Amino acid sequence: MKGKISSDLLRGHTDTIVLGILKNSDSYGYEISKIITEKSEGQYELKEATLYSSFRRLEKDGYITSYWGDETQGGRRKYYKVTSAGETLYLRNKADWEFTQNIINKLL
């Protein structure tokens, strides 16, 4: 029996996933989407609309900032960078996830 990822389960963690990727380096939308697909070994793809909604929400709340990249390497790309508040939120959300995961593992 093959497992299935519930998009509802992951939807609540989209911001944390994005922050986790950005804490490693600044990046742009398509690259982040590719990283998510690669890290999940193709088992999860984040929809573009969901990703950009996450960017808007995180930027509005001060967890990321954005800037336009250099055009010499192709089209103009908007890059996102995690702020110190974003790093703090990531750590808190990751700890909450691990706590929840531990309880669910005990119950299942």
Side-chain angles (χ1 to χ4, degrees):
M1 187 165 136
K2 188 176 179 183
K4 181 180 174 192
I5 296 175
S6 166
S7 58
D8 287 339
L9 178 63
L10 288 176
R11 188 175 303 121
H13 302 283
T14 301
D15 291 354
T16 306
I17 292 167
V18 169
L19 289 171
I21 292 169
L22 290 176
K23 74 178 183 55
N24 295 320
S25 68
D26 298 2
S27 194
Y28 56 95
Y30 177 72
E31 186 175 51
I32 291 171
S33 178
K34 232 171 68 172
I35 290 168
I36 290 169
T37 302
E38 288 170 6
K39 282 188 159 197
S40 71
E41 298 175 349
Q43 295 178 325
Y44 182 68
E45 290 182 24
L46 192 59
K47 292 181 179 143
E48 189 176 323
T50 303
L51 181 60
Y52 285 94
S53 291
S54 178
F55 288 152
R56 283 190 298 278
R57 186 172 44 255
L58 289 167
E59 191 164 28
K60 179 180 136 306
D61 293 340
Y63 298 122
I64 63 172
T65 59
S66 63
Y67 61 92
W68 290 101
D70 185 0
E71 295 177 41
T72 58
Q73 300 196 1
R76 193 166 183 210
R77 295 179 178 136
K78 191 173 193 178
Y79 282 80
Y80 298 91
K81 175 183 178 100
V82 69
T83 64
S84 60
E87 287 183 28
T88 300
L89 177 64
Y90 169 78
L91 292 173
R92 185 174 63 232
N93 287 352
K94 187 172 183 281
D96 289 349
W97 168 256
E98 290 167 350
F99 177 78
T100 302
Q101 181 183 25
N102 184 38
I103 291 172
I104 290 172
N105 286 341
K106 288 177 182 179
L107 295 172
L108 297 179

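Small disclaimer: the values here were computed from a predicted structure and weren't measured. Quick note: residue numbers are just sequence positions, from 1.
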How long is the straight-line distance from [atom2] of [Y] back to [atom1] of [X], given to the nearest 0.5 Å?
X: Ser54; Y: Leu46; atom1: OG; atom2: CG; result: 7.5 Å
X: Tyr28; Y: Ser66; atom1: OH; atom2: OG; result: 16.0 Å
X: Asn24; Y: Leu19; atom1: CG; atom2: CG; result: 11.5 Å
X: Glu41; Y: Lys39; atom1: CD; atom2: NZ; result: 12.0 Å
X: Thr37; Y: Lys34; atom1: OG1; atom2: NZ; result: 10.0 Å
X: Leu91; Y: Lys23; atom1: CG; atom2: NZ; result: 8.0 Å

Worksheet item: Crowded around Tyr67 OH? As in, over 12 foreign heavy atoms under 6.0 Å?
Response: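 More than 12 heavy atoms, drawn from other residues, nucleotides or ligands, come within 6.0 Å of this atom.
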Discussion item. Is it the case that atom OH in Tyr52 sees more than 12 heavy atoms from other parts of the structure closer than 6.0 Å?
Written reply: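 Correct, the count exceeds 12.
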Worksheet entry | With Glu38 via salt bridge (Lys or Arg N to Asp or Glu O under 4.0 Å) - residues at least two apart |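 Checked Glu38 against salt bridge (Lys or Arg N to Asp or Glu O under 4.0 Å); zero matches.
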Discussion item. Strictly distance-based, threshold 3.5 Å: is any side-chain N or O of Ser40 a donor or acceptor partner for the main-chain N or O of Ile36?
Written reply: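 Yes, Ser40 side chain to Ile36 backbone: donor-acceptor pair under 3.5 Å.
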Worksheet item: Is a donor on one side and an acceptor on the other found under 3.5 Å between the side chain of Ser53 and the backbone of Ala49?
Response: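 Yes.
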Worksheet item: Do Asp15 and Asn93 touch side chain to side chain, with heavy atoms closer than 4.5 Å?
Response: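 Asp15 does not reach Asn93 side chain to side chain.
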Worksheet item: Is there side-chain contact between Leu22 and Ile32, with heavy atoms separated by less than 4.5 Å?
Response: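 The answer is yes; the side chains approach within 4.5 Å.
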Determine the minimum heavy-atom distance between [X] and [Y], stating which atoms define it.
X: Phe55; Y: Val18; result: CE2-CG1, 3.8 Å
X: Asp26; Y: Glu31; result: O-OE1, 4.4 Å
X: Gly29; Y: Leu51; result: O-CD2, 3.3 Å

Distance-only criterion, 3.5 Å: show the donor-acceptor pairs between side-chain atoms of residues 80-89 and protein atoms not counting sequence neighbours.
from  : atom 1 : to    : atom 2 : distance (Å)
Thr83 : OG1    : Gly62 : O      : 2.8
Thr83 : OG1    : Tyr63 : O      : 3.1
Thr83 : OG1    : Ala85 : N      : 3.4
Thr83 : OG1    : Gly86 : N      : 3.1
Thr88 : OG1    : Ser84 : O      : 3.1

